[in-house]
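This is a predicted model, so every value here is computed, not measured.
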Amino acid sequence: MNIRIGNGYDIHRLVEGRALILGGVNIPHELGLLGHSDADVLTHAIMDAMLGALSLGDIGFYFPPSDPQWAGADSLKLLEQVHQLIRNEGWQIGNIDSVIVAERPKLKPHISAMRDRLATVLELNPNQVGIKATTNEKLGPEGREEGISSYAVVLLQQAT
């Protein structure tokens with residue numbers, strides 16, 4: 001079996017007046033993530049991992065922040081496009097492993113919903129989508145609650 005592994009990373013600043021969306025789920029919090037799209041760091045990290053596995057660049061190449069058509073974009077819609085690109089190249093997702101780094105809010109109650117949303121968009125079983133959440137022990141921008149980051153690893157298998 002031919003396989004490829006990609007990793008992705010994203011971070012966005014927390015600000016007032018924006019929704020906090022992670023894995024396509026709107027999470028109640030007084031701050032949200034600032035970005036050109038909905039700033040969903042989890043979904044962005046997964047997309048970059050998918051693209052990186054096939055040396056296809058990053059999401060900035062396909063959805064540049066300088067392009068007004070992506071302003072406020074739903075990252076799950078962007079994920080659908082990246083998924084289609086991967087499929088058109090003859091690959092399918094084996095599994096995803098990811099981690100979200102945030103001091104607050106507590107994300108454990110939302111992980112199941114995030115897994116379900118991402119699995120649905122990617123046509124996967126939820127057990128193929130790993131999501132973990134951790135704090136940064138009050139260190140760095142995540143620990144100071146200036147932002148939230150996410151890391152993702154994706155295993156792609158050549159479609160049969």
Approximate separation, where rounding is to 0.5 Å, of [X] [atom1] and [Y] [atom2]:
X: His110; Y: Ile100; atom1: NE2; atom2: CD1; result: 10.0 Å
X: Leu22; Y: Thr43; atom1: CG; atom2: OG1; result: 8.0 Å
X: Leu14; Y: Glu30; atom1: CG; atom2: CD; result: 9.0 Å
X: Gln128; Y: Glu123; atom1: CD; atom2: CD; result: 11.0 Å
X: Ser150; Y: Asp40; atom1: OG; atom2: CG; result: 8.5 Å
X: Glu89; Y: Leu54; atom1: CD; atom2: CG; result: 6.5 Å

Consider only side-chain heavy atoms of I, L, V, M, F, W and Y, link residues closer than 4.5 Å, and tell whether [X] and [Y] are in one cluster.
X: Val121; Y: Leu51; value: yes
X: Met114; Y: Val82; value: yes
X: Leu76; Y: Phe63; value: yes
X: Ile93; Y: Ile131; value: yes
X: Leu79; Y: Trp91; value: yes

Is the side chain of [X] donor-acceptor paired with the backbone N or O of [Y] at a distance under 3.5 Å, no angle test?
X: Arg115; Y: Val129; answer: yes
X: Glu137; Y: Gly143; answer: no
X: Ser37; Y: Ala71; answer: no
X: Asp58; Y: Phe61; answer: yes
X: Asn95; Y: Leu155; answer: no
X: Asp97; Y: Val153; answer: no
X: Gln92; Y: Ala159; answer: no
X: Arg13; Y: Leu34; answer: no
X: Tyr62; Y: Leu56; answer: yes

A side-chain contact here means heavy atoms from C-beta on lying under 4.5 Å apart; do [X] and [Y] qualify?
X: Met50; Y: Leu85; result: no
X: Asp10; Y: Asp48; result: no
X: Leu118; Y: Ser98; result: no
X: Ile148; Y: Val101; result: no

Over all atoms of both residues, closest heavy-atom pair of [X] and [Y]:
X: Ala49; Y: Ala152; answer: CB-O, 3.7 Å
X: Gln157; Y: Ile3; answer: CG-CG2, 4.2 Å
X: His29; Y: Leu20; answer: CB-CD2, 3.8 Å
X: Arg117; Y: Gly23; answer: CB-O, 3.5 Å
X: Glu142; Y: Ser149; answer: OE2-OG, 2.5 Å

Would you say that more than 12 heavy atoms from the other residues, nucleotides or ligands in this model lie under 6.0 Å from the [atom1] of [X], or not?
X: Arg18; atom1: CZ; answer: yes
X: Lys106; atom1: NZ; answer: no
X: Glu16; atom1: CD; answer: no

Which word best sums up how the rings of His44 and His12 line up, parallel for under 30°, tilted for 30 to 60°, or perpendicular for over 60°?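 The arrangement is perpendicular - the two ring planes meet at more than 60°.
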For Lys77, side chain to side chain contact (heavy atoms under 4.5 Å, CB included) partners two or more places apart: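 In terms of side chain to side chain contact (heavy atoms under 4.5 Å, CB included), with neighbours along the sequence ignored, Lys77 is linked to Asp74, Glu80.
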Run the side chain to side chain contact (heavy atoms under 4.5 Å, CB included) check on Leu78 and Ile59 step by step: do they pass? CA-CA 9 Å; Leu78 306 181; Ile59 61 172; over 6 Å; no
Short side-chain donor-acceptor distance under 3.5 Å, Asp38 and Ser75: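 Result is yes, a qualifying pair exists.
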